[in-house]
2 protein chains.
Amino acid sequence: MQDFKKQFKKGVIELTILRLLYEQDQYGYSIIQQISKRSDNYIEIKDGTLYPILYRLEDNKFIENYWKTDIGSRSKPRKYYKITIAGRLRYEEMLKDYLEINEGIKKILKS
Amino acid sequence: MQDFKKQFKKGVIELTILRLLYEQDQYGYSIIQQISKRSDNYIEIKDGTLYPILYRLEDNKFIENYWKTDIGSRSKPRKYYKITIAGRLRYEEMLKDYLEINEGIKKILKS
DNA sequence: CAATATACCTTGTAATACAAAGTATAAAAT
DNA sequence: ATTTTATACTTTGTATTACAAGGTATATTG
């Protein structure tokens, strides 16, 4: 209760994840940082929120993963995610619905 | 699954209800119609969704109800809802958070 | 070497829109 | 007149989702 943002985020986090992966492959932790950064800290998500979404998207074949050790100092590999064709379609569909709801709200809030 | 709109609506329905009651007292069924109409049918809500929200808002003292029989032909009274001072504050707070999330999403989706 | 950040994972919980049922009256259609 | 549809309100159960709160392990910084 009182945490409106938590409710307003429902659905949109998946949308933003797909969007970021649409642009380029990324590992989980990076997605969290990107969402903060690109939204000017208006949207923050927890790792306990992100990973289950990634697994769900993977189960539904919207994304797929591969381990990659980045060149440079660090030795530990990171789990990268890549969006699939189906994932791109999913993103387009979600975006359409999001924009519609958004448009509807805007109309109600102004007058 | 596949029903994105249902998720995107989370939280915003309460926001729109408070907004409509902010403008003027209304009975439940009227709110459903107003939301459809003012959003150009982009947002539709079910009666089974609306009423529980109204009861919740009432429990939290954000709105209050009174029965009123409208002048004219119909005899059956309708249950009108009125926003309270606390409800107005609630609306302002929710709106602020909604706009922030919205701004964040916008930033992520463009680039 | 201690503390913090990075990176990933899991279980349980609270919140919410809706489906699907119900009751009852008013208006419209046949 | 009678059937159908719309109005108006109510309730129970369900699916989804973000997060809290715990965990493991490595890398970096003070």
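The chains referred to below are lettered A, B, ... by the order of the sequence lines, with proteins before strands, and numbering in each begins at 1.
Following rounding to the nearest Å, Glu14(B) (CD) and dT16(C) (C1') show an atom-to-atom distance of 10 Å. dT14(D) atom C1' lies 16 Å from atom NZ of Lys46(B), rounded to whole Å. A straight line from CG of Asp3(B) to C1' of dA19(C) spans 12 Å, rounded to a whole angstrom. Rounded to a whole Å, the CH2 atom of Trp67(B) is 12 Å from the P atom of dT25(C). When the C1' atom of dA27(D) is taken as reference, atom CG of Asp70(A) falls 13 Å away, rounded to whole Å. Met94(B) places its CE atom 13 Å from the P atom of dA15(C), with the value rounded to the nearest Å. In this structure, the CD1 atom of Ile31(A) is 14 Å from the P atom of dA18(D), given to the nearest Å. Per the geometry, NZ belonging to Lys79(A) stands 19 Å off P belonging to dT24(D), to the nearest Å.
Comparing Ser30(A) and Lys6(A) by the nucleotide of DNA chain C whose heavy atom lies nearest to each, the residue mapping closer to the 5' end is Ser30(A). Sequence order on DNA chain D of the closest nucleotides to Gly11(A) and Gly48(B) puts Gly48(B) first from the 5' end.
Of the candidate nucleotides dT10(C), dT17(D), dC19(D), dT10(C) has the atom nearest to the side chain of Tyr55(A). Of the candidate nucleotides dT16(C), dA17(C), dC19(D), dT16(C) has the atom lying nearest to any side-chain atom of Gln7(A). Side-chain atoms of Lys76(A) lie closest to dT26(D) of the nucleotides dA15(C), dC18(C), dT26(D).
When side chains are defined from C-beta on, Gln33(A) does not count as touching Lys37(A), because their heavy atoms never get closer than 4.5 Å. Residues Lys9(B) and Lys10(A) fail the side-chain proximity criterion, which asks for heavy atoms closer than 4.5 Å. A heavy-atom distance below 4.5 Å is not found between the side chains of Asn102(A) and Phe8(B).
OP1 or OP2 of dT6(C) has at least one side-chain nitrogen or oxygen of Tyr29(A) nearer than 4.0 Å. Remark: Tyr27(B) is not in phosphate contact with dC9(D), judged by side-chain N or O atoms under 4.0 Å from OP1 or OP2. For dC19(D), the OP1/OP2 oxygens have a side-chain nitrogen or oxygen of Lys9(A) closer than 4.0 Å. Distances shorter than 4.0 Å separate some side-chain N or O of Gln33(B) from OP1 or OP2 on dT7(D). Listed pair Tyr51(A) / dC9(C) fails the phosphate criterion, with no side-chain N or O lying under 4.0 Å from OP1 or OP2.
Contact annotation for Lys10(B): base contact, defined as any heavy-atom pair under 4.0 Å involving a base atom.
At a cut-off of 3.5 Å, with distance as the only test, no side-chain donor of Glu103(B) or Tyr98(B) sits close to an acceptor on the other residue. There is a side-chain donor-acceptor pair under 3.5 Å between Tyr80(B) and Asp70(B).
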